[in-house]
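If you're wondering where the values come from, they're calculated on a predicted model, not measured in any experiment. In what follows, every chain begins at residue 1, and chains take the letters A, B, ... in the order their sequences are listed.
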Amino acid sequence: MIRLFNTYSRTLEEFRPLDPAGREVKMYTCGPTVYSHAHIGNFRAYVFEDLLQRHLELRGFKVRRVMNITDVDDKTIRGSREAGVPLAEFTAPFKKAFFEDLETLRIKRADSFPEATDPREIGKMIEMIGTLLERGLAYQAEDKSVYFRINKFPDYGKLAHFDLAELRSTGRVQSDEYDKENIGDFALWKAWDEVDGAVKWESPWGAGRPGWHIECSAMATQLLGEQLDIHCGGVDNIFPHHEAEIAQTEGCTGKQFVRYWLHCAHLMVEGQKMAKSLGNFYTLRDVIAKGYSGREVRYALMRVHYRAPLNFTWEGMEEARQALARVDDWARRLGGKVEEEENVQPASALDGLRRGERPTSNVQHPMEEFEAALDDDLNISGALGILFETIRETNRRIDAGEIDASEAKAWLEWWERVDRVLAISGEDGALTAEILALGEARMQARLAKDWRKSDELRDELAARGWEARDTKDGQKITRRGGA
RNA sequence: GGCGGGGUAGCCAAGUGGUAAGGUCGGGGUCUGCAAAACCUCUAUUCGCGGGUUCGAUUCCCGCCCCCGCCUCCA
């Protein structure tokens with residue numbers, strides 16, 4: 001049984017998809033606004049969503065996921081104006097970069113990435129706004145913009161658990177919208193303004209562009225239907241964005257929009273909020289440029305429970321690197337055991353692999369326990385704890401000569417299953433001719449017991465990102481860090 | 001002021017009404033030409049603070065303190 005924390009109810013709920021067969025899961029995740037490179041805080045949310053999707057899939061669900069791309073809003077318009085290029089030309093490179101970054105972090109691609117400027121989506125938004133107007137849930141103000149009338153939607157505020165009467169303005173958003181009936185009414189359609197330049201679409205209410213919230217309602221219902229199983233985003237999207245989505249969508253369909261709302265806590269950097277003014281603002285590219293690999297960043301962003309604040313630090317990146325190296329070495333070691341024999345079949349009874357003899361052992365059934373931890377609202381720390389205990393125990397037993405090729409193969413198969421969720425396994429980079437030559441030279445030096453030269457060659461290999469280890473089976477050269 | 005999330009070893013972090021997983025760092029050891037890896041071992045009488053319930057609380061209840069966030073277009 002999978003349990004997830006639903007923001008709406010503020011409780012852990014058993015997860016059951018709407019699909020009568022209980023198999024298909026409709027999942028919508030708020031994507032990036034492409035006015036710059038996404039930062040690691042954004043990616044924390046996307047990595048969390050990826051972990052959720054992968055775990056649901058491991059548990060046999062068929063996930064249909066949509067992630068939107070916001071390519072028109074105040075910031076993208078401002079950016080294109082400042083760059084002096086058309087909007088689409090301004091956002092294109094950021095879209096491309098976003099998809100590259102997803103790949104770097106091994107985030108599975110959603111089934112579709114609808115864009116807000118897609119005519120088909122704009123059409124759907126206009127259709128929905130029309131419906132809301134017909135029902136009296138929206139109105140066109142004197143400034144020609146169309147607003148949602150929150151007083152007509154009694155449930156408004158239920159997701160965020162806000163009492164609307166208690167709200168007070170933070171002054172973050174300029175309140176120049178005197179035309180609204182209620183300060184809390186939000187724009188569905190923004191009338192064209194001079195600063196919008198060429199950015200405009202025709203609508204029954206005049207030229208303009210869609211409000212931000214309506215795009216998610218339109219795309220989600222258009223691509224996944226009127227009711228979703230899961231909708232994710234960062235905690236800062238709870239209000240007003242997701243609240244507005246509920247109002248708009250349910251205002252049109254009369255049906256519950258989302259069954260499970262999941263929100264990811266914020267990322268902090270060195271104990272502080274990430275901000276350009278503090279100089280601690282990082283894009284994924286910034287971290288990669290420091291020499292870290294995508295999977296190292298993935299691990300660092302993933303290893304803390306999604307509802308707890310995550311403090312990003314360089315010390316944390318080093319920890320991620322070391323932890324992954326430990327996993328890599330373990331998997332390599334098992335691979336080596338398997339190669340010792342030919343035509344190895346995995347031990348048939350996986351349960352028999354549990355390490356029951358030692359009283360100090362905490363993990364009795366790693367196969368089940370790892371997945372059970374993730375079932376519990378994605379308890380990643382618990383799951384990783386089981387993985388690492390299993391690693392220590394299997395390493396110990398390999399040292400003791402207790403694991404044969406058949407059992408090693410079974411552990412590797414388990415690891416492959418685990419890694420379908422974690423997606424952190426290493427790739428051995430191809431040995432180049434230069435590295436091979438250095439390795440060969442070092443072997444010769446060792447045979448000649450020229451330790452000094454052998455150590456120098458080891459340093460040279462290290463400088464190129466490779467490590468030479470002397471084992472009883474001879475020298476082994478492996479990639480260290482990165483990759 | 002309202003609504004959330006969090007405060008567990010140097011750092012990251014799981015967890016349960018019955019006496020603290022795991023990762024990382026550091027010390028010692030086995031192994032090694034030396035290393036590395038691996039393994040063994042040491043490092044929280046203690047879980048923000050103060051009360052209460054209980055035979056027993058880090059875990060339940062009450063109060064308080066601190067950090068982070070949202071309060072109308074920031075994941």
Side-chain angles (χ1 to χ4, degrees), chain A residues 7 10 29-33 38-49 70 73-75 150 157 160-170 172-173 175 177 180 182-187 190 211-213 215 232-241 243-244 263-268 271-274 299-300 303-305 307-311 313 315-316 318-323 325-326 329-330 332-333 362-363 373 379-389 391-393 395-400 446 449-452 454-455 458 462 467-472 476 478 480:
Chain A
T7 306
R10 298 276 154 86
T29 51
C30 286
T33 300
H39 57 69
I40 53 175
N42 299 121
F43 284 113
R44 185 203 185 180
Y46 306 144
V47 167
F48 143 64
E49 290 153 3
T70 300
D73 79 322
D74 290 350
K75 288 190 291 267
I150 61 170
H161 296 232
F162 279 170
D163 177 352
L164 267 47
E166 299 277 338
L167 296 187
R168 67 181 191 191
S169 175
T170 54
R172 198 180 75 186
V173 175
S175 52
E177 293 152 335
K180 294 194 288 188
N182 185 308
I183 185 71
D185 291 349
F186 54 89
K190 303 182 89 152
W212 176 43
H213 311 303
E215 87 176 53
C232 306
V235 285
D236 50 350
N237 271 164
I238 296 172
F239 194 90
H241 185 52
E243 198 74 69
H263 293 95
C264 173
H266 269 255
L267 176 92
M268 289 188 297
Q272 289 183 296
K273 182 175 180 173
M274 182 166 60
Y299 182 87
R303 59 174 223 249
V304 175
H305 183 78
R307 281 191 291 118
L310 166 60
N311 192 16
T313 62
E315 195 181 347
E318 275 308 308
E319 180 187 324
R321 167 163 291 176
Q322 294 308 326
R326 181 168 166 76
D329 286 336
W330 170 70
R332 243 191 309 258
R333 216 175 162 198
N362 296 302
V363 179
N379 182 351
I380 187 69
S381 302
L384 289 173
I386 287 154
L387 171 64
F388 283 108
E389 285 204 62
I391 287 174
R392 177 160 47 77
E393 186 61 10
N395 271 329
R396 188 192 67 77
R397 293 184 50 217
I398 291 173
D399 283 352
R446 290 195 74 235
K449 296 202 190 295
D450 185 347
W451 308 127
R452 191 172 157 186
S454 136
D455 290 347
R458 182 161 58 200
E467 183 178 69
R469 290 181 190 161
D470 304 314
T471 73
K472 64 175 164 50
K476 293 268 170 66
T478 53
R480 291 300 281 178

Exercise for the section: Answer with base, sugar-phosphate or nothing: what part of the nucleic acid does A:Asp470 contact at a heavy-atom distance below 4.0 Å? Expected result: base
Exercise for the section: Would you classify A:Glu467 as touching base, sugar-phosphate or nothing, given that sugar-phosphate means primed atoms plus P, OP1 and OP2, and contacts are heavy atoms under 4.0 Å? Expected result: sugar-phosphate
Handout entry: Donor-acceptor pair present, A:Asn379 side chain and B:G15 base, under 3.5 Å
Key = no
Practice task
Give A:Arg333 one of three labels, base, sugar-phosphate or nothing, depending on what nucleic acid heavy atoms sit under 4.0 Å from its own.
Solution key: sugar-phosphate
Practice task
May I ask you to say what A:Gly211 touches in the nucleic acid, namely base, sugar-phosphate or nothing, with a heavy-atom cut-off under 4.0 Å?
Solution key: nothing
Handout entry: pi-stack flag for A:Phe388 and B:G22, centroid dist under 5.5 Å, interplanar under 30°
Key = no
Problem - B:A38 OP1/OP2 closer than 4.0 Å to side-chain N/O of A:Arg397 - result: no
Practice task
Looking at every strand, decide which applies to A:Arg458 at a 4.0 Å heavy-atom threshold: base, sugar-phosphate, or nothing.
Solution key: base
Exercise for the section: With heavy atoms under 4.0 Å as the rule, sort A:Lys449 into base, sugar-phosphate or nothing. Expected result: nothing
Practice task
Would you mind classifying the nucleic acid contact of A:Gly184 as base, sugar-phosphate or nothing, using non-hydrogen atoms under 4.0 angstrom?
Solution key: base
Practice task
Determine: side-chain N/O of A:Arg326 to OP1/OP2 of B:G23, distance under 4.0 Å, yes or no.
Solution key: yes
Problem - Pair of N/O donor and acceptor under 3.5 Å linking B:G33 base with A:Arg446 side chain - result: yes
Practice task
Under 4.0 Å between any heavy atoms, over every strand shown, what does A:His266 touch: base, sugar-phosphate, or nothing? Just pick one.
Solution key: base
